[in-house]
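These numbers come from a predicted model, not from an experiment. Here is the naming used below: chain letters follow the sequence lines, and residue numbers restart at 1 for every chain.
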Amino acid sequence: MSRYNVTETEAKWQAEWERRGSFRASEQPGKPKYYVLEMFPYPSGRIHMGHVRNYTLGDVVARHRRALGFNVLHPMGWDAFGLPAENAARDSKIHPAKWTYDNIATMRAELKRMGLSLDWSRELATCHPGYYQHQQKLFLDFFAAGLVHRKEAFVNWDPVDHTVLANEQVIDGKGWRSGAPVEKKKLAQWFFKITDYADELTDALEGLDRWPEKVRLMQENWIGRSSGAEIRFQIKGRGDRITVFTTRPDTIFGMSFCAVSPDHALADELAKKDARLAAFIAECRQSGTSEAAIEAQEKKGYDTGLKVLHPFIPGRELPVYVANFVLIEYGSGAIFGCPGHDQRDLDFARKYDLPVIPVVLPPGEDPKTFAIGDTAYTETGTIFNSDFLDGLDIETAKKEVGRRLEAMQAGHPTTVYRLRDWLVSRQRYWGCPIPVIHCDKCGVVPVPDKDLPVRLPDDVSFDRPGNPLDHHPTWKHVDCPNCGAKARRETDTFDTFVDSSWYFARFCSPRADVPVVREAVDYWLSVDQYIGGVEHAILHLLYSRFFMRAMKRTGWAKIEEPFAGLFTQGMVLHESYRDESGKWLYPEEVKKLGDGGATTLDGGKVTVGRREVMSKSKKNVIAPAAIIDSYGADTARLFMLSDSPPERDLEWTEAGVEGAWRYINRLWRLVSEPPAVLPAPGAAQPKELSQAAEQAWRLVHKTIAAVSESIDALRFNVAVAQIRTLSNALEALTGKGPGEAWVLAEGLRILVRLIGPMTPHLAEEMWATLGGSGLLCDQPWPKADPALIVDDVVKVAVQVNGKLRATIDLPRDAAEQAARDAALGAPNVVAAMAGKPARKVIVVPNRIVNVVV
RNA sequence: GCCCGCUUGGCGGAAUGGUAGACGCAACGGACUUAAAAUCCGUGGGCCCGAAAGGGCCGUCCCGGUUCAAGUCCGGGAGCGGGCACCA
């Protein structure tokens, strides 16, 4: 028996595809294009199962679209800048570039063994000057267009490591590596003005109808548009005002205090003359920003002694506090407090004994007796205790207050956003240098285009904490391009999210000496199907949407939305194992028992943990390379596609892999050792088909239709099930009856094309064995014969009072009367009706008859 | 706290409001084999009646509703998971 030789076969076809350049893409005006993209990997060292799943999903789409006649672009690259390379440099004395390029070489080789239909000629790495020089150019264009600014901002500062930390790197208020309490420090940083697009980025979400609803919602919440009013309160005895943002201007008559953030300019000013206030502010800055810290933290305030005047109540003065719960980043960094209708304000008012005046009356409450207890009232109601607002509903009152504030020039309706400008400066070496120069005379001077790229120096050391670019003896010292005086290079590099915000555009013209070639991006973009993990639902996908708009503004593209279709795949899970001492064990270090338990290889006790995301720390990882070594890429691909719907998490199981492996061998046996001699391609269809052959032939066509639909909807697990149903039926053909050998041969030739996107190597091999000409990957997608996908006789269910009582055979599209008569004549139906007359009979053609008695 | 999603056999999962459990995994019974692996055939939601053929009742997290008909639609609740979070 000829066993399927995976290793040889897969290598053979991979070489053949590469030799022919089967998946090279080029612009072909007039041909419909299709751009399939999976989120490019970070070169961490090895390919992991998450990658395998991601790229397999994308490859099915790419190969299917190719077969449908689309001009497909399916590229691959490397998100190659980032911190792990610097850590490796520090810990193992390997240069970040070497570490990164070595990893890329390893991972590229691993990826190539998966048989992906990628255009490798377009490969790019973001750490290559050939990529990042164009990023620098884009930055300069954005800068010139006013989309970039430099400003002082509070950042997380690690006083031990001497570096800024991202929010994600602050755990419980402490630096993730040093463990030192993080300080909020004001530093000059570079920002992209993503907030300029806050409205547009929100509004355009609605048009992204091929994005998951969930991701659109997350982005909407993240941008956090909320409308309300700005109110400017006059400070008593001073010329200036405090500007406050509120979503509840209707509760203005319930106001009992004003509060500003400890980081507010007014607090700063007052602290200069008030040591106790200065101490209070310092204390506020100390305390952590973590969830737990906030939860535990009490509302605290410091009475500045200042008073503000109520805009609508002459003579009413209200105290001004500096309060720890007011955020400088949101709104104007100041609030008015209405304790009756805001829980935080209520907590604060109770602590400092401030008045609580209810101004929204819940429906059915008596205005004379209604009072606020420990819970602020935030629901709907009627305004009272509020002069000219009395009796109005909340929405009307908001409008009225807005109108009056405007008339008094004391405020106006406005919209604020949770979204903040994107801080892109990082005090890191392994990133794209920000191409500006600081000159004492000229200020910030952009690096002239002719001096690009600003290259990273190779000779850096990592033996000191902080930014190696800053420590470099010569790199930062340059002459001002403007005045020629001694000046200093910017030593910050870009956040790596900048690199990934436009790589999909660079893929359209990856070797161009400009960031992108307009004809190429105009032809290929937007990405028709983008596939990746949901963990990028906000940052990467939002930044890319901003970048596309910025590129349009600067003339590099004509569209706003980079990704027309988005699919977020589930994660790959595996059981975890621990031995008696609690040490994590790799799956290959345990022996599985039949009852779901496990032992160590020498019989020791093992605790089987729940299935969770594969992670190195828990050792519940399976190396893709090992799976490909023993089962081949097609097996891994088939298992991942068939076991779970792609959007859900997938549990990796040895048994499931075995199942996929068995199926591949079974298909191969059917093709290599068919039960009868198979007619060559093109043989005419026999005039007569046995009943079995006829049925199988109909199933072939039904399967074409069903699989096409399933793949189109990315329901690959269903597509695989449908193909298996077909192969089960073809397998049952003996090849002896009239036409059976022909149906078997033609059915297999179609089956091979249907499974081609999923198990491409096996499909090529079967195609060749079946005498197909050319490569399978160049074959068009099969077409279903509409006449064959409907049966002449259909099974119709018969219900009595909604309960199934019989199944009857009827000619397709039988007349209603005929269906009714047949249904009422079925013995079980007669019995179930127990002699009662049918009150009503519902006939759904070709499906069901329901008799109501 | 706010927002969102999910819940179907032992397991992964199928099912345009129309025969719940396709397809597979694990399991069990059998064939082949000295034996095992591989392979092949068969059984498979629960309970009940029947020797069998077959039939009955219950069943898609819980409670209620709409409908001739609900896993699917609507209202309420529980559990699990995710996102955001002192956002005024």
Side-chain angles (χ1 to χ4, degrees), chain A residues 1 3 212-222 224 226 228 244-249 251 259 261 289 291 293-295 297-299 323-327 329-338 341-345 347-348 378 416-420 534-535 537-538 594-596 639 642-645 647-651 653-660 662-663 665-666 669 706 710 715 717-728 731 795-808 828 831-832 838-853:
Chain A
M1 177 167 99
R3 210 169 149 77
E213 183 61 32
K214 178 185 169 174
V215 174
R216 290 190 284 170
L217 256 161
M218 282 165 68
Q219 292 213 352
E220 191 178 332
N221 292 339
W222 183 265
S226 74
V244 148
F245 173 75
T246 179
T247 55
R248 295 297 302 274
T251 63
S261 162
T289 50
E291 202 178 309
I294 286 162
E295 204 74 26
Q297 201 170 311
E298 216 185 332
K299 308 246 177 311
N324 64 344
F325 68 96
V326 182
L327 305 172
E329 309 93 341
Y330 189 72
S332 56
I335 60 157
F336 83 73
C338 175
H341 306 286
D342 182 287
Q343 191 59 45
R344 292 156 306 181
D345 296 351
D347 296 344
F348 191 78
T378 54
V416 303
Y417 306 87
R418 211 188 72 100
L419 182 71
R420 302 186 209 138
V534 74
E535 67 273 17
I538 298 171
D595 59 359
F639 168 66
S642 61
D643 206 55
S644 282
E647 70 278 9
R648 281 200 219 170
D649 288 348
L650 169 101
E651 192 197 352
T653 60
E654 185 76 7
V657 178
E658 288 281 354
R662 278 200 300 270
Y663 183 63
N665 281 289
R666 197 165 140 191
R669 273 197 303 277
S710 300
R715 295 161 51 84
N717 59 322
V718 179
V720 172
Q722 287 155 341
I723 290 171
R724 291 185 87 130
T725 305
L726 175 61
S727 68
N728 287 346
E731 232 173 12
K795 294 225 178 294
V796 172
V798 184
Q799 298 180 332
V800 176
N801 288 339
K803 276 185 201 247
L804 180 71
R805 294 300 173 188
T807 311
I808 55 176
N828 275 338
R839 284 200 288 127
K840 198 172 173 187
V841 180
I842 291 106
V843 178
V844 181
N846 303 328
R847 296 227 94 150
I848 201 164
V849 178
N850 192 7
V851 181
V852 187
V853 295

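Rounded to whole Å, the separation between the C1' atoms of B:A78 and B:C63 comes to 11 Å. The separation of B:G17 from B:U67, taken at their C1' atoms, amounts to 9 Å, rounded to a whole angstrom. Comparing the same atom, P, in B:G21 and in B:G10 gives a spacing of 16 Å after rounding to whole Å. Annotation: B:G59 and B:A69 have their P atoms spaced 15 Å apart (nearest Å).
Between A:Leu327 and A:Ser261, the closest side-chain pair of non-hydrogen atoms is not below 4.5 Å. Contact check for A:Val841 versus A:Val843: side-chain heavy atoms found under the 4.5 Å cut-off. Residues A:Tyr417 and A:Tyr330 fail the side-chain proximity criterion, which asks for heavy atoms closer than 4.5 Å. Here the side chains of A:Val851 and A:Val853 are in contact, with some heavy-atom distance below 4.5 Å.
A:Ser644 comes within contact range of the sugar-phosphate backbone alone, with a heavy-atom separation under 4.0 Å but no base atom that close. A:Val841 comes within contact range of no nucleotide atom at all, as no heavy-atom separation falls under 4.0 Å. If you check every strand for non-hydrogen atoms under 4.0 Å, A:Asp347 touches nothing. Residue contacts for A:Leu217: at a heavy-atom cut-off of 4.0 Å it reaches the sugar-phosphate backbone alone, with no base atom in range. Among the atoms of the strands shown, only primed sugar atoms or phosphate atoms (P, OP1, OP2) are found under 4.0 Å from some heavy atom of A:Asn728.
With 3.5 Å as the limit, one finds no donor-acceptor pair spanning the side chains of A:Gln343 and A:Thr378. Between the side chains of A:Arg666 and A:Asn728, at least one donor N or O lies within less than 3.5 Å of an accepting N or O.
Remark: A:Cys338 SG to A:Asp345 CG distance equals 7.0 Å, nearest 0.5 Å.
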Grab the N/O contacts between the protein and nucleotides 45-50 of chain B below 3.5 Å, and write none if there aren't any.
none

Using the 3.5 Å cut-off, write out each protein N or O paired with an N or O of nucleotides 5-8 of chain B and the distance between them.
none

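As rounded to whole Å, 14 Å separates atom P of B:U19 from atom CD1 of A:Ile808.
The side-chain contact (heavy atoms from CB on, under 4.5 Å) test applied to A:Ile848 returns A:Ala797, A:Gln799, A:Val844, not counting sequence neighbours. Qualifying side chain to side chain donor-acceptor pair (under 3.5 Å) partners for A:Arg805, counting only residues two or more places apart in sequence or in other chains: none. Residues satisfying the side chain to side chain donor-acceptor pair (under 3.5 Å) criterion with A:Arg724, sequence neighbours excluded, are absent altogether.
Using a 90° window around 0 for the glycosidic torsion, B:G9 falls inside it and is classed as syn.
Two residues, A:Asn221 and A:Val796, neighbour RNA chain B, and the one matched to the more 5' nucleotide by heavy-atom proximity is A:Asn221.
Here the side chain of A:Asp347 pairs no donor or acceptor atom with the backbone of A:Lys299 at under 3.5 angstrom.
Residue A:Arg805 has no polar side-chain atom (N or O) positioned under 4.0 Å from OP1 or OP2 of B:U19. Dashed line: the shortest gap from a side-chain N or O of A:Arg418 to OP1 or OP2 of B:A85 is under 4.0 Å. Look at A:Arg662 and you'll find a side-chain N or O under 4.0 angstrom from OP1 or OP2 of B:C25. Look at A:Lys803 and you won't find any side-chain N or O under 4.0 angstrom from OP1 or OP2 of B:G18. A sub-4.0 Å separation between OP1 or OP2 of B:G55 and a side-chain N or O of A:Asn828 is present.
The side chain of A:Thr247 lies closest to B:A88 when the candidates are B:C86, B:C23, B:A88.
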One pair to check against side chain to side chain contact (heavy atoms under 4.5 Å, CB included): A:Ser226 and A:Phe245. What are the steps and the verdict? CA-CA 11 Å; A:Ser226 74; A:Phe245 173 75; 4.2 Å; yes
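Taking a 4.0 Å limit (strictly below) on heavy-atom distances, residues 846-853 of chain A reaches RNA chain B at A:Arg847, A:Ile848, A:Asn850, A:Val852.
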